[in-house]
Amino acid sequence: MKIATPYYLIDEKKLLRNLQIIQQVRQLAGAKSVLALKCFSTWCVFDLMRKYMDGTTSSSLFEARLGFEKFGKETHAYCVGYSREDILAVAEFADKIIFNSVSQLDRYYDIAKAAKVGLRVNPGISYSHFDLADPARKYSRLGVTDKEVLAKQIPRLSGLMFHYNCENDDFETFVRQLDTIGGCYGDMLKQVQWVSLGGGLYFTKEGYPLEKFSKKLADFAGEFNVEIYLEPGESAITGCAELVTSVVDLVHNEMDIAIVDASVEGHMPDLLIYRLPAKIEASGRGDHNHKYMVAGRSCLAGDVFGTFHFKDKLEIGSEIRFADAAGYTMVKKNWFNGLQMPAVAVRRLDGTIEVRRKFSYADFMNNLS
Ligand SMILES: *Cc1c(COP(=O)(O)O)cnc(C)c1O
């Protein structure tokens, strides 16, 4: 079956590999994992993910509701700034409600207290290659920074949330961070039931020392008598999806340029935000000596996926597949330029491909009014 491009293709077999690692950490460390929906909320693969993960966490009322309706198990609700309407709504279904500040906790505690109430802590340490994504950046609004103020809230809290990493694949750094958190907040951790260590830990990466990682988590849980949650987003779905495109034009301006039927700005915007090139599997190998800049078809001049070497000359209709199109990608796609939005397809564990969602002119029109 030939599927019309452009489309995102999620591969459940690749997803399963990450999920099995998550399950291993769960078994070895006793740490639960909830999926961070802001990274990935393509719910057509939740039936598979649900078997290996404990629930979802969220950044807003709508994400929390999606987690509750489509994933089930535990629903953690977090938001940087809840409105009263948000809190009234999430209180109907969330198992845990995590506040970002003491003022939000004060304002909404009475509505939230039937759930388990948590508070986000900003430990002042972080790991991130990008200031834009650094929760401990100067003037950060993410989490409570004042330890004395935090200590006064403990009687109202069932847990604390620390999210301070972004794509941290360095186990030694993680150990130092956790020791710092234990040293600094240990007294408070002993008085709560759970602690979430957030996302941004790249423990599904090839070669990550999983057993040591699990032991470190288990030791931490034992020392402070807390249940540990991880909130993997990117590490749960990394490497699991492609953006499949076709060449619609070939032009030349000092170099060969292939224009595809998708757009970085519209369909993989994080590449522009973080100034990273797209990845193509099989690119740059020995006998791949046809070099092209591959660009999107939006009118943005810098809508460029990157420069790659291909085995064969590209032609109109040649297929180009960009790797790593799951995390922070499908959730961010947009209708800029009114370009055809990529469909959502899944390769199931048994190999069959299902096209789950196609987007039409009506979707474009109804996106605004
Ligand atoms: C973004 C976020 C996550 C997920 O982060 P990843 O880097 O995708 O693992 C988890 N928890 C919170 C609170 C977040 O803001």
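For ligands, and for the atoms within them, numbers begin at 1 and follow the listed sequence.
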Practice task
Flag Glu231 as yes when one of its N or O atoms lies below 3.5 Å from any N or O atom of ligand 1, and as no otherwise.
Solution key: yes
Problem - Heavy-atom nearest neighbour in the protein, as seen from atom 9 (O) of ligand 1, with distance rounded to 0.1 Å - result: Gly200 N, 2.7 Å
Exercise for the section: May I ask you to check if ligand 1 and Tyr328 share an N or O to N or O distance below 3.5 Å? Expected result: yes
Problem - Carboxylate-amine/guanidinium proximity below 4.0 Å for Arg321 and Glu319 - result: yes
Problem - Heteroatom distance test (Leu201, ligand 1): nitrogen or oxygen, under 3.5 angstrom - result: no
Practice task
Look at Asp187 together with Lys147 and state whether they make a salt bridge at an N to O cut-off of under 4.0 Å.
Solution key: no
Problem - Closest approach of any protein heavy atom to atom 1 (C) of ligand 1, naming residue and atom - result: Lys38 NZ, 1.2 Å
Problem - Geometric N/O contact Ala36 with ligand 1, under 3.5 angstrom - result: no
Exercise for the section: May I ask you to check if ligand 1 and Glu234 share an N or O to N or O distance below 3.5 Å? Expected result: yes
Problem - Aromatic centroids of Tyr229 and His76 separated by under 6.0 Å - result: yes
Handout entry: contact_flag Met161 ligand 1 heavy-atom lt 4.0 Å
Key = yes
Handout entry: Tyr185 and Val121, any side-chain heavy atoms less than 4.5 Å apart
Key = yes
Practice task
Answer yes if the side chains of Ser128 and Ser126 hold a donor-acceptor pair under 3.5 Å, and no otherwise.
Solution key: no
Practice task
Determine, using ring centers only, whether Phe99 and Tyr82 are less than 6.0 Å apart.
Solution key: yes
